[in-house]
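Just below is one structure, and these are the notes that go with it.
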Amino acid sequence: MRCYKPKPASPFKRFNSSPEVIRLVVLMYVRFPLSLRNVEDLLFERGIDVCHETVRFWWNRFGSLFAADIRRQRVSAMRGFRHWRWHLDEMVVKINGRTHYLWRAVDHEGEVLENYVTRTRDKAAALRFLRKALKRHGSPERITTDGLRSYGAAMNVLGCRAKQEVGRHANNRVENSHLPFRRRERAMLRFRAMRTLQKFAAVHANVHNHFASDRHLVSRQTYKERRQAALTEWRALAS
């Protein structure tokens, strides 16, 4: 007797708004440097009456779900790539006036692989970050970092110190990748909790990766095709 696996319940069940509207709201808020009320006003101009608190609720409820689908496809496609180079860096983020550190791993194509928020940037923090990245994405061929000693100490524990590469300008890839997140940080008037920062950084990174198309390196026609493909895949998330 054949056993059929039941189809998982739709995450949009019991919501009055259509999945298309919810995806549009999450896309506008996460991808573009817009405030909650900016999204509310833009949707109203299109005939969609949504409160800014609904925008907040939807990105919190569905943002991680959409990001997980995007990340799952990316990880499965890149795990077999042998010549994978990572770039690691930590950026300072203020939460209620206190300094925190957002650790970020970026691959050779400039896509953000992992985010991790800590209160310190010592060996223990670097070790937790590296273990998380290696467990999810596998081991790269080279790991480029800045001169922070915490990286070397953590890699000694993990046994991958030989893969580390340190150079003055070698880590520009990850330094430039901070810019889109900084723009979103300013639009949100910074963050108020570590948990919110961790969640939004992960969602923003995956959405940004999904729509990144290197438009300055390709022709206009190629860019339009890639943009349409990314938008089509986005509309099919969690469907």
Side-chain angles (χ1 to χ4, degrees), residues 30-33 63-64 66-68 70-75 78-79 81 84-95 98-155 157-158 160 163-188 190-191 193-212 214:
V30 176
R31 185 184 178 194
F32 303 107
S64 298
F66 297 156
I70 295 172
R71 184 175 60 248
R72 194 177 302 113
Q73 297 173 15
R74 172 69 176 172
V75 170
M78 295 299 297
R79 266 192 173 275
F81 193 84
W84 207 357
R85 178 185 293 271
W86 290 4
H87 299 262
L88 309 184
D89 193 31
E90 70 289 341
M91 58 187 294
V92 175
V93 181
K94 293 286 186 178
I95 301 178
R98 296 185 177 181
T99 300
H100 292 70
Y101 300 94
L102 178 61
W103 302 74
R104 303 171 78 249
V106 175
D107 71 2
H108 59 283
E109 295 180 347
E111 296 195 4
V112 182
L113 303 174
E114 201 65 57
N115 293 275
Y116 190 64
V117 183
T118 63
R119 290 188 175 89
T120 61
R121 55 173 179 175
D122 53 10
K123 173 185 172 181
L127 189 58
R128 290 195 300 269
F129 168 62
L130 281 168
R131 279 176 172 165
K132 181 180 179 182
L134 291 169
K135 181 179 179 180
R136 177 173 289 174
H137 301 281
S139 181
E141 183 181 66
R142 301 292 295 172
I143 302 177
T144 304
T145 70
D146 56 19
L148 184 67
R149 294 181 180 179
S150 300
Y151 289 118
M155 290 182 189
V157 175
L158 297 173
C160 56
K163 297 182 178 181
Q164 185 182 17
E165 179 183 85
V166 180
R168 183 177 180 184
H169 301 293
N171 223 21
N172 286 347
R173 170 76 71 179
V174 68
E175 294 286 353
N176 293 333
S177 74
H178 294 331
L179 299 179
F181 182 80
R182 286 298 190 195
R183 286 193 287 267
R184 287 302 293 123
E185 182 189 24
R186 287 192 294 270
M188 298 176 70
R190 298 190 176 180
F191 298 89
M194 284 183 62
R195 182 179 179 181
T196 304
L197 171 57
Q198 178 69 66
K199 184 174 183 178
F200 187 84
V203 174
H204 177 267
N206 285 283
V207 173
H208 184 267
N209 290 344
H210 183 71
F211 288 98
D214 295 328

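Keep in mind that the numbers below use all heavy atoms, side chains included, and drop hydrogens, waters and symmetry copies. Just so it is clear, the model here is predicted, and its values are computed rather than measured.
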Taking side chain as C-beta onward, heavy atoms only, is [X] less than 4.5 Å from [Y]?
| X | Y | result |
| --- | --- | --- |
| P33 | R186 | no |
| W86 | L134 | yes |
| F129 | T118 | no |

Using salt bridge (charged side-chain N to carboxylate O under 4.0 Å, His left out) as the criterion, list what pairs up with [X], not counting sequence neighbours.
| X | answer |
| --- | --- |
| R121 | E90 |
| K123 | none |
| R182 | E185 |
| E165 | R85 |

Go through the structure and list residues passing side-chain contact (heavy atoms from CB on, under 4.5 Å) with [X], not counting sequence neighbours.
| X | answer |
| --- | --- |
| A126 | W103, S150, A154 |
| E175 | D89, H178 |
| A193 | T196 |

Legend entry - H137 side chain vs L113 backbone, donor-acceptor pair below 3.5 Å: yes

Testing the basics here: between [X] and [Y], what is the closest heavy-atom pair and its distance to 0.1 Å?
| X | Y | value |
| --- | --- | --- |
| M155 | I143 | CE-CG2, 3.4 Å |
| V157 | R131 | CG1-NH2, 4.1 Å |
| K163 | P140 | NZ-O, 3.0 Å |
| Y151 | D146 | CE1-OD1, 3.2 Å |
| Q164 | G152 | OE1-CA, 3.7 Å |

Sequence neighbours left out, cut at 3.5 Å: what donor-acceptor pairs do the side chains of residues 200-209 make with other protein atoms?
{"unit_1": "N206", "atom_1": "ND2", "unit_2": "A202", "atom_2": "O", "d": "2.8"}
{"unit_1": "N209", "atom_1": "OD1", "unit_2": "V112", "atom_2": "N", "d": "3.0"}
{"unit_1": "N209", "atom_1": "ND2", "unit_2": "V112", "atom_2": "O", "d": "2.7"}
{"unit_1": "N209", "atom_1": "ND2", "unit_2": "A205", "atom_2": "O", "d": "3.2"}

Could you pull out all residues at least two apart from [X] that satisfy side chain to side chain donor-acceptor pair (under 3.5 Å)?
| X | answer |
| --- | --- |
| N176 | none |
| R128 | Y116 |
| H87 | N171 |
| T99 | K94 |

Rounded to the nearest 0.5 Å, what's the gap from [atom1] on [X] to [atom2] on [Y]? Could you check?
| X | Y | atom1 | atom2 | result |
| --- | --- | --- | --- | --- |
| I95 | H100 | CD1 | NE2 | 4.5 Å |
| R142 | H108 | CZ | NE2 | 15.5 Å |
| L88 | L130 | CG | CG | 6.0 Å |
| Q198 | N115 | CD | CG | 6.5 Å |

